[in-house]
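One structure is given below, encoded as structure tokens.
Atoms within a ligand are numbered from 1 in the order they appear, just like the ligands themselves. This chain uses plain numbering: 1 for the first residue, then up along the sequence.
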Amino acid sequence: MKTIEPCTIVILGAGGDLARRKLIPALFRLELFNRLPESVSILGCGRKPMSDEQWAAEVRGMLEAKHAPEVLDAAFARFGARLHYHANPPDDAESYQRLQRRLDGEPQFPPNMVFYMSVRPAEFPFIIDKLGNVGLLQEKGGWRRVVIEKPFGYDLLSAQTLQQSLYHHLNESQIYRIDHYLGKGTVQNVMVFRFGNVLLEPIWNRHYIDHVQITHSENLGVEGRAGYFEGAGALRDMLQSHLMQLLAIVAMEPPVSMSAEHLRDEKVKVLKAIRPITQSSVNAHAFRGQYGSGVVNGVTVPSYLEEKGVAADSVTETYAAMKLFIDNWRWAGVPFYLRTGKRMAENISAICIRFRSPPQDLLKHASHGSQHPNWIMLGIQPNDCLKMEMQVKVPGLDVRTRTISLDATYHQKGEENFDAYEGLLLDVMLGDHSLFLRIDEVEAAWRVVDPVIKVWSMERDFINTYPAGSWGPRGTYRLFDREDQFWRHSLSLEGATLEAY
Ligand code: BG6
């Protein structure tokens, strides 16, 4: 196992939602599991003036809800000692010089540095420029790596412009474009499942697979992130990034090796093979919606338009679905359906693969109702699991069939359960790019959604709505090619029929 060199993790935007909800808890969990070497320091940078001690107290407060007091007490003694704080209010012209003097001058900050851009995407170029101008991105005494959150740009052109601005101060090996979905256990398991087993490869293609569905639905609304979400919408926020990456991993060819470049070469190839959507076919391939008020988990919640910071006439989509085709030998003619939504009925992220029906229905008299095709389902969250649905004979004298679900849940009791960020943060410290996006992947994903973005930004008079707490707008079903294709909302057997909805 490679060891982590002493380093400093600088979190830009330490007071923001991502740092509070994901980064700090992930770093603390690494501490809990003794995965952070002693010589790692963490420097939070935020707008608010604060002392190191005040920030440490704030961080402790963030962790209190997640850990029992005795667990927190034991590990926070070590964790708290790593924490430092630097205020960089936007109106303070000197703050980056002071940051440089602190980082380069104080012995508690090892010269290998990770700069985590946990800030609004619009601020990326400005901050990189500031860091670059004070010399903090030069790899003189140690390595300097920059983690860039998604979305990388707002469309293809802006992604290319952002890239050019990064290249003024950084080379490609210093850039870690993060898509935290690639750090999720099941997502990595898709690769193990596909490439560690020989029995899947012969059926993983157009001859046996009817279609693929990739879903991310969540109960939450915009949760105080309207400022960002209004400009992004669900298509950019989830579909262009996370869901497109899941598609790439399900559909890519086996790589030459698991090295970062070989893996990313294959992902790019499959993303480039996605059939371009012309502007005139956008409505046949994409569907958007916005949540109205409704009831989520028994609580009445306001509509998107009533959320703080949302324009009264906003047509920003909180639900986006797309049908994509991959024009290559493996996938020609197989639709990939992608959807994501906020304020939906349930929190679920899953990849559901439906197989074709047997060529002859020899058992039609033995089955109840319509034929049930095989499904393979990879649940990403809330539970990481692997399920397969198959037909078996019902015990007894008659030949009757029923569908069973083989539950190959691979998580065993007592095994470590990490969120996505822990592993990805370790990868950055280790210098492993495998689960980070290369610029050509990002560009290929933008090329797919750009026509949809264009058309939706012109059609500003109307957007379909769906009640909060539902499964999204009904009209989304028009994306399906046939009547026997339908969104699979649940991985249990009850979710296997259209009648369930
Ligand atoms: C983020 C999006 O990238 O992913 C959020 O910006 C979304 O809108 C989140 O809620 C979902 O991630 P997770 O790990 O909670 O499923």
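The structure places CH2 of Trp456 at 13.0 Å from CE of Met458, a figure rounded to the nearest 0.5 Å.
Side-chain rings of Trp331 and Phe336 approach one another, their centers coming within less than 6.0 Å.
Checked against salt bridge (Lys or Arg N to Asp or Glu O under 4.0 Å), Asp265 has the following partners two or more places apart in sequence or in another chain: Arg438. Arg447 pairs by the salt bridge (Lys or Arg N to Asp or Glu O under 4.0 Å) definition with nothing, not counting sequence neighbours.
A cation-pi arrangement is present between Arg177 and Phe152 under the rule of less than 6.0 angstrom and at most 45 degrees off the ring axis.
Annotation: ligand 1 has protein neighbours Lys22, Lys150, His180, Tyr181, Lys184, His216, Glu218, Arg225, Asp237, Met238, His242, Lys342, Gln381, each with a heavy atom less than 4.0 angstrom from the ligand.
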Which pairs would a plain distance check flag for residues 301-312, meaning a side-chain donor or acceptor within less than 3.5 Å of a matching protein atom at least two apart in sequence or in another chain?
{"unit_1": "Ser303", "atom_1": "OG", "unit_2": "Glu306", "atom_2": "N", "d": "3.3"}
{"unit_1": "Ser303", "atom_1": "OG", "unit_2": "Glu306", "atom_2": "OE1", "d": "3.0"}
{"unit_1": "Tyr304", "atom_1": "OH", "unit_2": "Glu230", "atom_2": "OE1", "d": "2.7"}
{"unit_1": "Glu306", "atom_1": "OE1", "unit_2": "Ser303", "atom_2": "N", "d": "2.7"}
{"unit_1": "Glu307", "atom_1": "OE2", "unit_2": "Tyr291", "atom_2": "OH", "d": "2.5"}

